[in-house]
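Heads up, the thing below is written out as structure tokens.
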Number of protein chains: 2
Amino acid sequence: MPDAIPVLRSPRLGADIRADHPAYDLIELLFFAYRDFVSDPDRILDEYGFGRAHHRVLHFVDRQPGLTIAELLDILRITKQSLNRVLKELIEKRFIESRMGTSDRRQRLLHVTPQGHDLALKLAKLQTKRIARALSDLEPDAKELVTRYLVRLIDPDDREHVERLVFGKQEV
Amino acid sequence: MPDAIPVLRSPRLGADIRADHPAYDLIELLFFAYRDFVSDPDRILDEYGFGRAHHRVLHFVDRQPGLTIAELLDILRITKQSLNRVLKELIEKRFIESRMGTSDRRQRLLHVTPQGHDLALKLAKLQTKRIARALSDLEPDAKELVTRYLVRLIDPDDREHVERLVFGKQEV
DNA sequence: GAGATATGTCAACAACGCTGACGTAAATAA
DNA sequence: TTATTTACGTCAGCGTTGTTGACATATCTC
């Protein structure tokens with residue numbers, strides 16, 4: 001049914017990047033990969049009455065205990081009103097706790113509860129299965145290369161911030 | 001501010017994949033990379049009064065002229081009502097044309113108009129810039145490896161279908 | 001002619017983004 | 001100390017994009 005799709009041959013040598021011709025394959029693979037990647041946790045989230053927005057909040061609070069509202073907003077790139085809606089539910093259902101800041105008492109330091117951690121872990125393990133399976137019969141250095149590639153897809157201005165968060169790099 | 005995050009050391013040898021420990025880094029990098037990747041076209045889409053749903057439809061119709069509704073639904077994994085809403089707008093604004101099928105006259109064969117193709121190309125080039133930049137100073141075989149990785153993130157049942165669509169493979 | 005299939009459409013609703021406005025408490029600057 | 005800024009909470013309303021359920025039409029297949 002699909003007509004023959006003109007295939008873009010690789011450029012002759014590595015340096016010659018044809019940025020003028022769309023890289024349809026990677027654009028589309030990123031769409032399909034992400035589509036399936038985020039779909040894994042959906043069934044479980046449903047059981048708790050949560051959606052993907054709850055998942056993202058729970059994940060980052062679990063990863064970084066003591067996260068503030070401002071930091072979370074910076075990660076998620078949504079408005080505080082949008083965040084507040086899902087965060088309120090996570091707190092009411094006792095998956096997340098909000099504690100007053102110690103040095104700055106205006107801040108709210110977010111922590112997962114034990115049941116919050118359990119759910120976060122359950123969801124992370126689910127996604128890890130897919131990631132591990134994808135990596136399983138690629139070259140040994142595949143993970144390192146894919147990691148570097150994904151980092152370089154991120155906005156340059158935000159890269160340092162993300163690396164600090166993901167890899168725990170403290171030094172500049 | 002972030003406490004030291006326990007780093008998962010790579011397993012000793014390739015086969016020993018610790019699927020029980022979440023691969024936090026790749027989970028998060030996928031989130032950040034995709035977040036920024038899909039944000040590029042937003043400003044342009046706004047000018048046309050379109051959203052990300054319109055973009056996805058336009059993209060796949062541009063890539064695969066003559067795509068049917070059923071095939072498009074299978075790609076996007078949404079309901080026909082959701083699709084119809086955005087597709088109707090794309091047709092009304094003359095970015096996409098719907099033609100009656102030839103062999104099966106119940107089908108609608110979707111095609112982009114010239115202005116539809118222009119927009120699709122403009123958006124694809126934008127996303128390609130980011131992809132090319134990310135690839136630009138990685139090893140020459142990075143693209144091939146990242147491609148294989150992304151393919152393997154897709155649901156196994158759907159992989160063949162996607163490969164046919166993305167790479168134009170006709171033979172099984 | 002009966003039934004299955006491909007599509008279109010109406011209505012209602014949910015999740016999750018957004019803007020704008022306003023309020024409070026606490027830190028900081030003047 | 002007073003004024004301003006900052007961090008957060010909240011109310012109200014709205015837009016996009018997903019959902020379910022029901023029903024209609026044209027066309028293909030048996």
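All chains are named by letter (A, B, ...) in the order of the sequence lines, taking the proteins before the strands, and each is independently numbered beginning at 1.
- In this structure, Arg63(B) is positioned above the aromatic face of Tyr24(A), its NZ or CZ under 6.0 Å from the six-membered ring centre and within 45° of the axis.
- Taken together through direct or relayed side-chain contacts under 4.5 Å among Ile, Leu, Val, Met, Phe, Trp and Tyr, Leu121(B) and Leu30(A) form parts of separate hydrophobic clusters.
- Distance, Arg108(B) CZ to dG8(C) C1': 9 Å, rounded to whole Å.
- Taking atom CG of Asp46(B) as the reference point, atom C1' of dT19(C) lies 14 Å away to the nearest angstrom.
- Put simply, CD1 on Ile91(B) is 11 Å from C1' on dT7(C), counting in whole angstrom units.
- Asn84(A) places its CG atom 16 Å from the P atom of dA15(C), with the value rounded to the nearest Å.
- Applying the side-chain hydrogen bond (donor to acceptor under 3.5 Å, both in side chains) rule to Thr79(A) yields the partners Ser82(A); only residues at least two apart in sequence or on another chain are considered.
- Heavy atoms only, all atoms of each residue included: Leu58(A) and Ala120(A) are closest at CD2-N, 3.8 Å.
- Rounded to an integer number of Å, the gap from Ile69(B) CD1 to dT5(C) C1' is 14 Å.
- Residue Arg133(B) places its CZ atom among more than 12 non-hydrogen atoms of other residues, nucleotides or ligands, all under 6.0 Å distant.
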Revision key, fill the gap. Protein-proximity profile, nucleotides 17-30 of chain D, B/S/- by nucleotide at the 4.0 Å heavy-atom cutoff, equals BBBBBB---BBS--

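- Counting to the nearest Å, the P atom of dT16(D) and the CG atom of Leu45(B) are 12 Å from each other.
- Summarising the geometry, the separation between CG on Asp42(B) and P on dC18(C) is reported as 11 Å, rounded to the nearest angstrom.
- Counting only residues at least two apart or on different chains, the ring-ring contact (aromatic ring centres under 6.0 Å, His included) pairs with a member in residues 81-106 of chain A are Tyr48(A)-Phe95(A), Phe50(A)-Phe95(A).
- Straight-line distance from the CD atom of Gln107(A) to the C1' atom of dA25(C): 13 Å, rounded to whole Å.
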